[in-house]
Student: 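The following block contains the structure, expressed as structure tokens.
For reference, positions follow the sequence shown, starting with 1.
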Amino acid sequence: MANPSANPHHQTPLLDQVNIPADLRKLQPKQLPQLADELRAETIDAVSVTGGHLGAGLGVVELTVALHYVFNTPDDRLVWDVGHQAYPHKILTGRRDRIRTLRQGGGLSGFTKRSESEYDPFGAAHSSTSISAALGMAVARDKLKKTNHTISVIGDGSISAGMAYEAMNNAGAMHSKLIVILNDNNMSIAPPTGALSAYLSRIVSSREYRSLRHLGKNMSKIFPKPMRDAARKAESYARGMVTGGTLFEEMGFYYIGPIDGHNLDHLLPVLENVKNDVDPGPVLIHVVTQKGKGFGPALAAADKCHAVNKFDVITGEQIKPKPGAPTYTKVFAEALIKEAEVDEKIVAVTAAMPSGTGVDIFGKRFPDRTFDVGIAEQHAVTFAAGLATEGLKPFAVIYSTFLQRAYDQVVHDVAIQNLPVRFMMDRAGLVGADGCTHAGSFDLAYLGCLPNFMIMAAADEVELMHMVATSAAYNEGPSAVRYPRGEGMGLKLPERGQVLALGKGRIMREGTAVAILNLGTRLAECVKAADELATYGLSTTVADMRFAKPLDEKLVRELAAEHEVVITIEEGAVGGFGAHVMQYLANEGFMDRGLKIRVMTLPDIFQDHDNPVKQYDQAGLNAAQIVAKALEALGETALRIKAKAAGA
């Protein structure tokens, strides 16, 4: 079925014929370069409308076309690592008519997603999972006696993570056929060497070469073991000298490459050879690509337009939002610089996210005290623990959602040893267009259950500065600060943060009927709710608790004793701050005395990507829902108050 172009900037006659990969496979090989050009232009135009990840997708256009052309997707499983580069894949797999809904509410996800398409066999968004998942699929295929292929596409950044090497080590010791495409867009391993490289890759991927190799192996069995080992090593290293890949060979992979990832004449025969090869075992094809390929502004940008706002297709100029208050990320970075200027023991550690976390700002001021350890959150945490053992003050600056990847290290290497590692958790709470894979929903629950932790949540940017200062001063054990994505409230910032009293909250507004105990970012909505409750004649106290742990038990006890209703609110999952308050009040007997308590958290679902305001409405964490919760708790009393207010 034809798929008319929604792109006003160019004609796409071949792409219009492709709704699913089966349509693509009807084309002649000589038509594929034109199709790739059209696909690249369509990707650029779509992302200009929606914003999102651009550079990575532009770099794999030809590879995407080649993979869907050679392999019989979706029966053959194609697993993209992270998913930043999957927009062209989505266009070719029945989603072109929705591609301009990327990252919009109700639209396509910015990452691969199983529930979205049968062409997405594995959901991604956190890196370095593709080889493990594809290996699992390959083993399952073999157990079920099926014959389909499994292909993992992983970038040179993602393959630097430990999990990728764990998967390759496992795959190399097995006999399941697995195809790994290493998308090398930094030429970080080896450059392709033109026609010679393509020729050699075609030769070594051919069935004839593999058959001769097997014959050589079988013949070598008649020789003594030292000679067999020498012959094996000679063949492996000889191929390694002309094609690279000795490391992968040592891990048990059959290495092919490097080849030019933008030359379909080079890609297609190699993929066909590998597809048709009946030899079991894992194969790694090293493909060199150019991130941002085909779009001048991306090639000129330092990050190759990795992530962009909406932009002008012709000039590449991004539509920048009106300048507002500084972001929490920037406030954090500058607050940490202030502390580091007076404390030379402070160092910053991040895991491949220097710009996203603001560590790049700190790094410009203190390059010798800044450590980016790559996509390796587990290592980052234990590395920080090692720094702490020697008296330094490490700030481990990691998105809340990525810190999940290092939970055992947080427990075993930090908490049990009571080491003063300071965890700065950016993107805590909902994150809009990036959706549930990047939402920092669980840190209050997964850290709050650990002994020795001090946990703070910033209600605004001034509070964040105070909490950075408090973490710097706190050396009795591990601490964590959570703060949101996006801009602050626009408050006047102090020159430097103040050290807060440990485990003490603050009263923002005093009342007598309802007490709202806020932790973190919903403070402004709590104040709005208090104003609305006042119109019903309900006097409301608003407390910003600041600390999830240690809990301000004195303040909780006083508010519970003096108010009919206590409401806790947090931008985190069930099992966090509210659970700690509930347990304390239950154990103190307040439930026995008729206290009405309500706990407001993020809902017990994985919330899809959407506009942040809509996400908060869905979560029930805006002022209107807080008011409704208070009135519901009061029941008949609230109805009488409402009636009285209406009569007045």
Side-chain angles (χ1 to χ4, degrees), residues 46-53 83 87 90 95 97-113 115-116 123 125 307-310 319-322 324-325 327-329 399-401 426-444 457 459-460 482-490 516 518-529 531-532 567-574 576 578 598-632:
V47 180
S48 77
V49 173
T50 65
H53 295 100
Y87 298 177
K90 294 195 177 202
R95 288 170 276 184
D97 60 342
R98 292 183 289 151
I99 198 64
R100 287 164 182 78
T101 69
L102 270 169
R103 296 159 50 85
Q104 315 298 308
L108 296 178
S109 169
F111 306 98
T112 54
K113 190 173 185 179
S115 61
E116 187 177 287
V308 295
N309 297 320
K310 299 175 184 179
I319 300 172
K320 296 180 180 178
K322 294 179 181 178
T327 64
Y328 282 93
T329 299
Y399 287 5
S400 169
T401 184
D426 202 330
R427 271 61 167 182
L430 300 174
V431 291
D434 281 336
C436 62
T437 57
H438 283 60
S441 306
F442 309 112
D443 54 84
L444 287 170
D460 56 53
R482 70 189 318 256
Y483 48 98
R485 180 181 188 173
E487 295 178 351
M489 308 292 291
I516 303 175
N518 169 76
L519 183 77
T521 53
R522 306 317 290 159
L523 179 61
E525 292 297 308
C526 292
V527 173
K528 287 181 187 177
D531 289 340
E532 187 172 341
I567 298 173
T568 70
I569 183 165
E570 64 201 286
E571 195 175 338
V574 62
R598 299 292 185 270
V599 176
M600 300 183 71
T601 65
L602 292 176
D604 193 27
I605 61 172
F606 289 106
Q607 282 186 255
D608 283 334
H609 55 281
D610 208 335
N611 175 286
V613 174
K614 292 181 180 178
Q615 283 191 319
Y616 287 124
D617 270 332
Q618 182 189 26
L621 294 181
N622 282 329
Q625 289 102 355
I626 301 171
V627 170
K629 187 69 70 174
L631 296 177
E632 175 263 321

Student: Tell me every residue that passes ring-ring contact (aromatic ring centres under 6.0 Å, His included) with Tyr87, counting only those two or more places apart in sequence or in another chain.
Tutor: none
Student: Output all residues satisfying salt bridge (charged side-chain N to carboxylate O under 4.0 Å, His left out) with Arg598, sequence neighbours left out; order by chain, then residue number.
Tutor: Glu632
Student: Look up atom SG in Cys436 and atom NZ in Lys113, then write down how far apart they are to the nearest 0.5 Å.
Tutor: 6.0 Å
Student: Once ring-ring contact (aromatic ring centres under 6.0 Å, His included) is applied, do any residues pair with Tyr328, and if so which ones, sequence neighbours excluded?
Tutor: none
Student: In chain order, what residues pass the side-chain contact (heavy atoms from CB on, under 4.5 Å) check against Ile605, with sequence neighbours excluded?
Tutor: Pro603, Gln607, Gln618
Student: Testing the basics here: between Ile516 and Cys526, what is the closest heavy-atom pair and its distance to 0.1 Å?
Tutor: CG2-SG, 3.6 Å
Student: Holding to side chain to side chain donor-acceptor pair (under 3.5 Å), I want the full list of residues that pass it with Lys528, two or more places apart in sequence or in another chain.
Tutor: Glu525
Student: Minimum heavy-atom separation for Ala619 to Leu430, with atom names?
Tutor: CB-CD1, 4.5 Å
Student: Tell me whether Arg522 contacts the main-chain N or O of Leu621 through its side chain, where contact means a donor paired with an acceptor under 3.5 Å.
Tutor: yes
Student: Using the test side chain to side chain donor-acceptor pair (under 3.5 Å), find all partners of Asn309 that sit at least two apart in sequence or belong to another chain.
Tutor: none
Student: Could you check if a side-chain atom of Leu519 sits within less than 4.5 angstrom of a side-chain atom of Thr568, using non-hydrogen atoms only?
Tutor: no
Student: Could you check whether any side-chain N or O of Thr401 sits under 3.5 Å from a backbone N or O of Thr437, counting only pairs where one atom can act as donor and the other as acceptor?
Tutor: yes
Student: Work out which heavy atom in Ser400 is nearest to a heavy atom in Ala428; give both atom names and the distance.
Tutor: CB-CA, 4.2 Å
Student: Can you name the residues that form a salt bridge (charged side-chain N to carboxylate O under 4.0 Å, His left out) with Asp531, not counting sequence neighbours?
Tutor: Arg509
Student: I need the minimum non-hydrogen distance between Leu102 and Ser109, along with the two atoms involved.
Tutor: CD2-O, 3.3 Å
Student: So, using salt bridge (charged side-chain N to carboxylate O under 4.0 Å, His left out) as the criterion, who are the partners of Asp426 when residues are at least two apart?
Tutor: none
Student: Test of understanding: with side-chain contact (heavy atoms from CB on, under 4.5 Å), list the residues that count as partners of Lys614, not counting sequence neighbours.
Tutor: Asp610, Asn611
Student: Can you sort out the partners of Glu571 under side chain to side chain donor-acceptor pair (under 3.5 Å), two or more places apart, ordered by chain and number?
Tutor: Thr521, Tyr616
Student: What distance do Ile567 atom CD1 and Ile626 atom CD1 have between them, rounded to the nearest 0.5 Å?
Tutor: 7.5 Å
Student: May I have all residue pairs that pass salt bridge (charged side-chain N to carboxylate O under 4.0 Å, His left out) and include part of residues 427-441, sequence neighbours excluded?
Tutor: Arg103-Asp434, Asp434-Arg485
Student: Between OH of Tyr399 and OG1 of Thr329, what distance do you get to the nearest 0.5 Å?
Tutor: 6.5 Å
Student: I'd like to know if the side chain of Lys90 reaches the main chain of Arg98, judged simply by a donor and an acceptor atom lying under 3.5 Å from each other, with no hydrogens or angles considered.
Tutor: no
Student: Mark yes or no for whether His609, through its side chain, and Gly107, through its backbone, hold a donor-acceptor pair below 3.5 Å.
Tutor: yes
Student: Using a 3.5 Å distance criterion without hydrogens, assess whether the side chain of Thr50 forms a donor-acceptor pair with backbone atoms of Thr101.
Tutor: no
Student: Measure up the Phe442 and Phe606 rings against each other and bin them: parallel (under 30°), tilted (30 to 60°), perpendicular (over 60°).
Tutor: perpendicular
Student: Once rounded to the nearest 0.5 Å, what's the spacing between atom OG of Ser441 and atom CD of Glu570?
Tutor: 11.0 Å
Student: Ignoring hydrogens and geometry, is there a side-chain-to-backbone donor-acceptor pair from Glu532 to Ala624 under 3.5 Å?
Tutor: no
Student: According to side chain to side chain donor-acceptor pair (under 3.5 Å), who are the partners of Gln615, at least two apart in sequence or on a separate chain?
Tutor: none
Student: Looking at Gly572, is its backbone amide N or carbonyl O close enough to the side chain of Arg482 to form a donor-acceptor pair, meaning the two atoms are under 3.5 Å apart?
Tutor: no
